[in-house]
Each structure stands twice: as structure tokens, then as C-alpha cells.
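Treat the numbers as computed from the prediction; the structure is a model and nothing was measured. Letters go in sequence order (proteins before strands), and every chain restarts at 1. All values below were derived from every heavy atom in this structure, side-chain atoms included, with hydrogens, water molecules and symmetry-related copies excluded.
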Amino acid sequence: CHTSGMLTPNGKEYAQKIPREELTHLILKLLQAWKEPLSHFNQHIEHHQELPDDSLSKAKQISNMVHELKTGVEKVTEKARFSINSLNGMASSEAAGLSISNEANMMSDSDFIHCFRRDSNKVQSYLKILKCRIMPENSC
Amino acid sequence: MKQKLRSSVQIILLFALTAVDLTGQSYPGKPKIIRCRSLEKETFSCWWKPGSDGGLPTNYTLFYSKDSEEKIYECPDYGMSGPNSCYFDKNHTNPWTTYNITVMATNEIGSNSSDPQYVDVTSIVQPDAPVNLSVETKTSASTMYLWAKWSPPPLADVTSNSHVYHYELRLKPEEKEEWEETVSVGVQTQYKVNRLQAGVKYVVQVRCMLDIGEWSEWSSERHIHIPNGESPPEKPTIIKCRSPEKETFTCWWKPGSDRGHPTNYTLLYSKEGEERVYECPDYKTAGPNSCYFNKKHTSFWTIYNITVKATNEIGSNVSDPLYVDVTYIVQTDPPINVTLELKKTVNRKPYLVLTWSPPPLADVRSGWLTLDYELRLKPEEAEEWETIFVGQQTHYKMFSLNPGKKYIVQIHCKPDHHGSWSEWSLEKYIQIPTDFRIKDMVVWIIVGVLSSLICLVMSWTMVLKGYRMIAFILPPVPGPKIKGIDTHLLETGKSEELLSALGCHGFPPTSDCEELLIEYLEVEDSEDQQLMPSHDNGHPSKNAKMIAKETDSDSGRGSCDSPSLLSEKCRESRAILSTLRTQDIRDVQENNGGRHWETQCIASEQKILLFNNESTKSSTWPAAQLPDNQPPMFAYHSTVDAHKITLCTINVNIAPVLAEKEEKHQPQYPITETVHDNMEKQREMENLYSKTDQTTVQVTQNRPNDKSPFLMPKLMDYVEVHKVRQDKEPAVLLKQKENSGKTEKYTVPGTSKEYTKVSTIVDHNILVLMPDSRIQHISVSQEPAMEMSQNLQQGQAEKNMSYCLTVPSECKRETSASEYMDPSSFIPAFK
């Protein structure tokens with residue numbers, strides 16, 4: 001996966017240890033890394049005639065969701081007033097993300113999907129941990 | 001000479017032959033060539049079989065010739081191939097020629113030669129079997145195989161190594177009949193056999209062949225035993241890997257057969273992107289055939305490549321690899337602390353509240369693991385579960401449960417998005433209470449009781465008064481009914497009832513009956529105010545007294561004043577009669593007559609002239625006689641007290657009965673004799689008027705002579721009104737009547753105005769006279785009111801008039817025969 005190079009906590013303890021800002025930053029980085037490959041993928045599979053229409057619409061839906069998620073996390077970041085450092089980190093990650101995503105275009109479809117599944121699971125887990133750290137009262 | 005020689009030779013030969021025969025010796029038998037064989041195409045040998053030797057030592061010689069040549073050669077070598085054989089070496093063997101071979105057997109006597117045999121060398125080539133066959137088992141690459149080795153057949157000439165043999169191998173398990181495998185080996189002198197069964201003894205053979213000719217014989221067998229268990233273990237398989245809380249995980253495998261040897265299992269894994277292979281850190285924690293990866297060794301979002309290796313003494317075996325990412329293999333324990341609670345809503349309906357906790361190991365609090373829950377429940381006896389997805393909450397309310405049933409509840413959970421459902425939690429039972437409200441039950445009980453009561457009442461009324469109900473619903477058609485008469489009573493014929501009916505009811509008679517004239521009164525002078533018994537039988541003074549007591553004024557009341565009254569009286573008389581009757585039977589013999597009458601009649605307060613029971617024989621009572629079947633039309637010549645009239649009526653009714661009953665007997669108490677003395681009457685009348693309250697009127701009845709006492713035609717008598725006194729005591733003076741016989745004087749009323757019937761007496765002063773009417777006539781002609789008014793005397797006349805006006809009509813009507821019942825008609829009943 002093109003995002004394998006990113007250092008992400010591999011377990012619960014690690015994820016709980018790192019500070020919230022860093023975690024948020026990581027999430028954003030991940031989401032950013034997938035933005036481009038997803039759109040590329042959508043373009044790619046549109047030409048695939050054998051795929052059912054459900055899959056095509058689902059893929060579009062997913063890329064939209066990722067975009068919205070990223071926007072949402074950014075808002076949360078702003079509201080939580082995380083340090084400026086993270087924002088800087090964002091800028092650099094943008095660049096990194098672009099280079100990575102070029103790699104992603106080379107992947108096969110199955111690998112692409114596999115990687116995406118994993119990364120989305122990562123993002124989900126990190127967000128849940130973040131949620132329970134920021135607002136512990138809601139079903140945590 | 002030659003001839004002689006020849007013959008001598010023949011003779012000698014014959015002698016020889018015979019000599020042989022005689023002595024058992026002869027020339028040898030014919031030998032036979034068995035076979036000729038070439039081992040390698042360069043030499044060959046022939047063998048023969050000798051015939052009989054003739055008893056003498058025989059010498060064998062082999063001659064051959066080549067092709068069609070004449071030259072005969074003798075065998076070059078006799079001993080090489082054994083006895084009776086000939087060996088042709090290389091020099092004497094030419095593969096392209098055909099040999100003609102014969103064998104001759106010679107002995108002292110003679111010789112014999114075999115049949116010639118044509119031998120082509122190329123066709124008789126057959127090598128010997130290979131030699132030095134050796135077989136052994138070897139293992140390579142964890143498999144057992146058989147290795148066979150042999151040597152080509154040996155040759156006499158060692159130098160000729162250029163022979164190329166083709167070999168063939170065959171093997172079979174020792175027990176079997178047929179050869180399992182026959183392998184064409186080629187030119188090599190060794191061979192490897194795979195696919196052997198362990199623990200089986202095999203038999204191996206080889207044979208060879210040159211390029212031409214035949215196969216050699218099979219070599220001698222070689223036996224080989226394939227060792228049992230001498231093999232590496234079977235390949236194990238990995239069953240599954242699971243993480244109970246997304247922090248550690250465990251893998252389980254299933255071992256193959258270990259082939260009888262202790263086998264060791266090792267789990268090896270490598271991570272994605274790394275080359276290094278690790279071994280399982282913990283074999284024990286999770287049990288046998290498992291590997292437990294603790295937190296340190298668990299990485300998420302990386303794929304593990306896991307294999308299991310089985311090793312034993314002989315070899316090892318490795319399972320297929322399993323690729324695992326821990327995030328996707330999470331399966332937790334079931335939820336715990338499942339509690340069921342019954343609560344009641346506002347409407348007192350029960351609902352179920354379920355609560356549970358996540359499994360203890362799952363870290364839901366930090367958000368690392370999020371669980372979805374699902375519960376299922378069913379009534380205890382039902383077959384299928386109802387499954388409800390709950391989501392991430394740990395409580396649930398269930399409303400639609402059947403009261404009175406026992407439910408089983410189970411819950412399980414799954415991490416959201418990835419993972420498997422856990423096992424179901426332990427079964428929890430809950431009993432829903434029956435919705436039993438006391439209020440409802442009471443209402444139902446009351447309803448039930450009331451309805452049953454109503455049913456009972458209904459059925460009871462139906463049973464008892466069904467007829468009446470039916471009559472109410474379907475009223476019966478009324479039949480004709482005569483007023484005042486109870487047909488049943490008459491039909492039953494009970495004298496008592498009849499008499500009671502006659503005697504008691506309506507006594508005293510009602511007022512409107514007073515004005516009706518019913519009968520004729522014969523007034524007798526009775527100053528002593530006593531009834532004078534007329535018959536001889538001594539009337540006990542009691543009677544008189546009784547009578548005196550009872551009678552205060554007009555005693556001789558006409559009994560037929562009002563029909564209704566009469567009817568009543570008739571009823572009463574009936575009753576009396578009935579009573580009389582019943583008692584009469586007894587009394588007749590005793591001549592006790594008049595007991596009964598008084599029973600009812602005494603009850604009358606009007607001083608009914610009655611007879612006490614003591615008067616056995618005679619008692620007179622004023623009785624108005626009623627003509628049989630005749631309307632009670634009697635002329636009242638005297639004032640009759642209204643009260644007494646009834647008496648008379650009764651008495652009249654009674655009298656005939658009595659009279660009838662005592663027909664046999666002399667009428668012992670006949671009705672007081674009629675005093676036909678006008679004077680007496682007059683006097684009586686006067687007396688009557690003078691003593692209004694004390695006059696007694698004796699109504700007498702002429703006793704007829706005939707047996708039907710009821711025919712009293714003579715009753716009617718008319719008194720002429722002499723004058724009317726209108727002074728202080730208005731009175732009517734009646735003329736004297738002629739002392740006429742009774743029967744004769746049937747003056748038809750109406751002929752003279754002067755004779756009128758007295759209808760009734762009103763207020764003791766007023767004589768209400770009836771309009772003319774015939775005695776025997778049933779119908780009464782209606783007189784104009786005028787006539788009536790003429791006869792009225794008093795100031796109250798008018799009133800009376802009116803009264804009388806009305807009444808007579810009634811009277812008339814009522815005196816019609818149809819309404820009036822003649823007691824005589826009852827007589828037959830009483831008979």
C-alpha cells in the first residue's frame with residue numbers, strides 16, 4: 001500500500017499514548033493520502049463495463065464520504081484548537097500525499113481496494129479513540 | 001556268389017536280430033533332439049534325448065550339415081553344454097545359415113539316428129536371465145522407494161561385452177497372485193520403484209532380452225519388506241485464528257496422523273513486509289495445538305503469514321499458510337450481566353426491560369472496540385427465535401409480550417464493521433405474569449351469577465306458569481260463559497261446594513237485587529212472629545225460637561228477587577244443597593233434616609229464617625217455591641223485606657232439594673202451609689205494615705201432592721189492592737181475595753189493572769209493583785212506565801219510579817229463563 005510508509009500506531013496502547021493533536025494529524029494525513037487515488041480510481045473503473053452500476057455508485061459515494069470526513073475532522077481540529085504545529089504538519093503532508101498517490105495509481109484494483117479497506121479501518125479506529133478521549137460521556 | 005553273400009548277410013542280420021531278441025539286446029532306440037538354443041547369437045547348443053539304449057552301451061553322435069551342403073560335420077564339442085548336448089562355438093556358428101542336425105545312437109548291435117532338425121540360429125536366441133538381483137528400500141524427499149539392481153546373464157566368453165540387453169522388472173506384494181507392476185526398465189541394470197505401501201513385503205523379478213530372439217526367463221525372486229511408519233507425519237492444517245478483544249489473538253491447528261511416531265509441531269510466522277520468520281511465542285496459554293500471541297506480538301493492520309510444521313523422526317511436514325490481519329478476526333465473548341426486569345406501564349401492562357454489559361475483556365470505554373448487540377427471544381415452547389438487532393446500546397425494552405408465558409432471552413455481540421458474532425449468552429428465563437385484575441374478575445363473576453339467576457327465574461316461570469304465559473301470548477278463544485255459575489263446580493257435583501257457593505257468596509244480597517220481584521209470597525198472620533210449622537212433627541221450640549231470633553221483620557221474603565242474587569243464591573243453594581246432600585245421606589235415615597241449611601244461612605245477618613241443625617225433623621223455613629223450570633215470577637202480595645228475599649230464594653233452592661231427598665219420607669217439615677186465608681193474609685199484610693220491622697212473612701208453599709214438588713202452579717196468587725193508604729204509614733191494602741183454589745186461580749196478569757205484582761218493597765214503605773207479567777211466561781212484557789208510576793204510592797215514588805223503571809227492565813231481562821237457573825235443574829245432579 002502506498003500509505004505503508006506512514007508511521008501509524010499499530011495497537012491500542014500506542015494509539016492511546018500519542019497526543020491527540022498528533023492523532024488528529026495522522027487521521028488527516030491518511031485521508032489526504034487517499035483523496036487523489038480515489039478520484040483516479042473512480043475514473044478508472046468507469047470504463048469497466050463489466051462492473052455493475054451499484055459498484056460504480058458505491059465508489060463515488062465512498063470518495064464523497066472520505067472528502068466529507070476530512071472536512072469534518074478539519075472542523076473538529078479547528079474547534080479543539082489544536083496547536084499550530086499540526087497545521088504545519090498538514091502542509092507537508094499535502095506534498096507527501098501527492099507523491100504517494102502517484103504510487104497508488106500503479107496498484108492493481110484488488111490491492112487498491114485492500115489498502116483502502118485497511119486504511120479506512122485505521123481512520124475509524126483512531127477517530128473512535130479520539131472521540132472517547134475528547135468526549136468520554138457518549139457511549140464510551 | 002554275390003547273391004549268396006547277400007543272403008548270408010541277411011541271414012546273419014536276421015540271426016543278429018533274433019539273437020538280440022532272444023538275449024534282450026538290440027540296437028539303440030531313436031534319439032530325439034530336444035532343443036537348440038543360442039545364448040548370444042554367436043554360439044549355440046543343442047540337446048537331445050536318447051531313446052532306449054538296447055541294453056548295451058550306446059554311443060551318440062551328432063551330425064549336422066549347413067544349408068543344403070552335402071558335407072556332414074560332426075559335433076565339435078559334446079561336453080560343453082552337458083551330457084547329450086552339442087556345443088557349437090563361434091567358429092562353427094553362422095547365424096545366417098540353417099543347420100540340419102541329426103543325432104545317431106550306436107551300440108554294438110547297430111545304430112539309430114534321430115529325425116533331422118533344422119535350426120536357424122537367429123530364431124533360437126534366448127539369453128539367460130539376469131543375475132545378482134538385489135532390492136532395497138531407500139527414502140528420499142520424505143518418501144520411501146524401492147531400489148532394484150541386477151547383472152546381465154554371464155557368458156562363457158567374457159570378452160563379448162557388446163551385448164545390449166533389454167530388461168524388464170516386475171514386482172508384486174507377496175500375498176498377491178498377480179504381478180502388480182511390470183516395468184520395462186531399458187538397458188540399465190537398476191531400477192527405482194515408488195508408490196510402495198508401507199509395511200508390505202514385495203517380490204521382485206527381472207528378465208532380459210537381446211535385440212532379437214526371446215525374452216529370457218525371469219530371474220529368481222527377490223523379496224523386500226517395506227518398513228511400516230517409517231514416514232514423516234501427515235500435513236497439519238490451521239483451523240482458525242481469533243482475537244477476543246482486538247489486542248491479542250490465538251491460532252489453532254489440527255494435526256495430521258503422526259504415523260505412530262511422536263511428532264512435534266511448531267508454528268512459524270512472518271509479518272508483512274518482513275522476511276524474518278518467527279516462532280510462536282506461547283504454545284500453552286490457549287491449550288493444545290494452539291498458539292497465543294500476546295499484546296507485544298500483535299500488530300494491527302499487518303498481515304501475518306502463519307504456517308504449522310509437523311516433525312518426527314523420519315521427516316517433517318508443513319501445513320498450508322494462513323494470512324491473517326488481526327483487525328478482521330475479532331470475535332468477542334458473549335455479553336455478561338444480562339438482567340431481565342418486568343415493569344408496568346401506565347396502563348398496567350407489563351413490559352420487559354433488558355440490560356446487559358459488554359464482555360469483560362472488550363475495551364469499549366476507550367472506543368478501541370465498538371460492539372453491536374443483537375438479542376433473540378422466544379416463548380419457551382416455541383420453535384423459532386425472534387431476533388432483534390439492538391445496535392450499540394446496552395439496554396432494550398420489549399412491549400409486545402404475551403402474559404402468562406415464559407420467555408427465553410439470549411444476547412450476543414459483534415464488533416462493528418469487521419469481525420464475527422460472538423456466542424450467544426446463557427439463556428435467561430422470564431415469566432410474564434398473567435394480566436389478572438381482580439376488578440375484571442369480579443365483574444365477570446357478577447355477570448355470570450346474574451345471568452344464571454335470570455335463567456333460573458325464566459325457566460321456573462316457564463315451568464310453573466307456562467300455561468299462563470302461553471295464554472298471555474296466545475290468548476285463548478273465550479268460550480261462552482254464564483255469569484254467576486261456575487260450571488266446574490256444577491260438574492264436580494260436590495254438594496258441599498255447591499251449597500257453600502249458594503250459601504255464602506253474596507250473602508247478604510246486593511242492594512240492586514232488592515227491587516226485583518222474584519217470587520210470590522204468601523203472607524201469613526204471625527203475630528207471634530213465629531213461623532208456624534205446619535206439619536205434625538213437632539217442631540222443637542228451638543226452631544221457633546231460632547226463627548224468632550233470626551227473623552226480625554219480614555221473614556217471608558220472597559226469594560226470587562233478583563236474578564243475579566238469585567243466581568248467587570242458586571250458587572249458594574247449590575252449595576248448601578251439596579252440603580245438604582252430603583249430609584242428607586246420613587241424615588235421611590236419621591231424619592235429620594235441617595242441619596245443614598243453617599250453616600251457611602245462619603251466617604246471614606239478616607236473620608235468615610233458617611233451621612238449626614237440631615231440628616231434626618221439621619223446620620220450616622220460608623221458602624218461596626219456585627215452579628219447576630219456570631221463571632221466578634211470583635207475585636208479591638206482601639211486602640217482603642229485601643233481606644228476606646234472599647232467604648227465600650235460598651230456601652227455595654234448598655227446599656226442593658230437601659224435599660226431593662226426602663221424597664220417600666214424608667215431608668216432615670213441609671213448608672208452612674199456605675194459609676190461603678185471605679184474611680190472614682190481609683192481616684198479615686197489615687201486620688206487616690204495622691210492624692215493619694217485625695213482620696214476618698211466612699212464605700208458604702203449598703205442598704204439591706205429586707212428586708215434583710217444584711211444580712207449584714198454584715203459587716201465584718194475586719191480591720187485589722184495595723186501597724192505598726197514604727197517611728202516616730202508607731200502606732197498601734190488598735183486597736181480599738177469593739179463597740180460591742190454588743190451581744184455579746191463574747189469572748193471567750195483565751187482564752186487570754188492579755192486579756199487579758209487587759216488584760219490591762222499598763224502605764218498608766213503598767211497594768213497587770211490577771208491570772204485568774204472566775206467571776208462566778218467561779218473558780215479561782214491558783209495561784210502560786206509566787203503569788208503574790200508577791202503582792207507586794209514595795213521595796218517593798218518583799224516585800222509585802225511576803228506580804223501578806230501570807230495574808224492571810233489568811228484572812225482566814234478568815228474570816228471563818236464560819239467566820236464571822232453576823235449582824230444579826240441579827236436582828238431577830243431586831240425584
Side-chain angles (χ1 to χ4, degrees), chain A residues 1-20 23-24 26-27 29-31 33-34 58 62 65-66 69 73 76 80 103 107 110-140, chain B residues 243-249 269 271-275 278 281 293-305 323-330 332 335 355-358 361-373 390-396 413-420:
Chain A
C1 293
H2 64 289
T3 52
S4 306
M6 279 200 257
L7 279 175
T8 51
N10 257 354
K12 182 178 90 169
E13 286 78 14
Y14 304 126
Q16 281 176 328
K17 274 181 200 165
I18 64 172
R20 292 185 294 183
L23 194 57
T24 320
L26 214 57
I27 292 164
K29 219 161 97 170
L30 275 170
L31 289 170
W34 277 100
K58 265 279 193 259
I62 286 168
M65 279 161 73
V66 166
L69 189 59
V73 174
V76 168
E103 251 179 69
M107 279 191 290
S110 61
D111 285 342
F112 180 88
I113 289 168
H114 163 79
C115 290
F116 181 70
R117 184 192 185 203
R118 168 191 290 175
D119 281 348
S120 58
N121 193 293
K122 256 188 199 175
V123 166
Q124 181 192 21
S125 300
Y126 295 152
L127 278 172
K128 278 188 185 159
I129 288 174
L130 203 62
K131 176 190 93 164
C132 281
R133 275 160 77 171
I134 294 172
M135 291 186 299
E137 58 272 7
N138 286 352
S139 68
C140 279
Chain B
S243 169
E245 77 291 76
K246 207 178 170 186
E247 290 165 35
T248 66
F249 73 105
Y269 70 93
K271 286 192 190 176
E272 176 188 353
E274 291 177 24
E275 299 288 338
Y278 305 88
F293 294 81
N294 59 9
K295 280 188 195 176
K296 283 186 198 167
H297 293 98
T298 309
S299 309
F300 293 90
W301 304 298
T302 54
I303 294 177
Y304 284 74
N305 179 354
Y323 298 96
V324 168
D325 189 339
V326 185
T327 42
Y328 305 140
I329 57 163
V330 181
T332 65
T355 55
W356 57 88
S357 305
L361 296 174
D363 185 6
V364 192
R365 306 211 58 207
S366 67
W368 177 243
L369 185 61
T370 330
L371 295 172
D372 283 335
Y373 299 97
V390 176
Q392 291 177 6
Q393 59 191 22
T394 58
H395 54 88
Y396 192 71
C413 55
K414 174 181 94 89
D416 62 340
H417 300 114
H418 299 111
S420 333

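The closest side-chain heavy-atom distance from B/L371 to B/V364 is below 4.5 Å.
Looking at residues two or more places apart in sequence or on another chain, you find no side chain to side chain donor-acceptor pair (under 3.5 Å) involving B/T298. With sequence neighbours excluded, no residue forms a side chain to side chain donor-acceptor pair (under 3.5 Å) with B/D372.
Chain A forms more heavy-atom pairs under 4.5 Å with one residue of B/D363, B/D325, B/L369 than with any other, namely B/D363.
If you measure heavy-atom distances from A/Y126 to chain B, the contacts under 4.5 Å come from the side chain alone. Looking at B/E272, the atoms closer than 4.5 Å to chain A (heavy atoms on both sides) all sit in the side chain, from C-beta outward. With a 4.5 angstrom heavy-atom cutoff, A/R117 touches chain B via backbone and side-chain atoms both. At a 4.5 Å heavy-atom cutoff, the contact between B/I303 and chain A is made by backbone and side-chain atoms alike. For B/S299, the parts lying near chain A are the backbone and the side chain together; criterion is any non-hydrogen pair under 4.5 Å. At a 4.5 Å heavy-atom cutoff, B/T394 makes no contact with chain A through either its backbone or its side chain.
Contact check on A/K29 versus A/D119 returns no salt bridge, with no Lys/Arg side-chain nitrogen under 4.0 Å from an Asp/Glu carboxylate oxygen.
For B/F300 and B/W368, the gap between ring centers is short of 6.0 Å. If you look at B/Y304 and B/F249, their ring centroids are closer than 6.0 Å.
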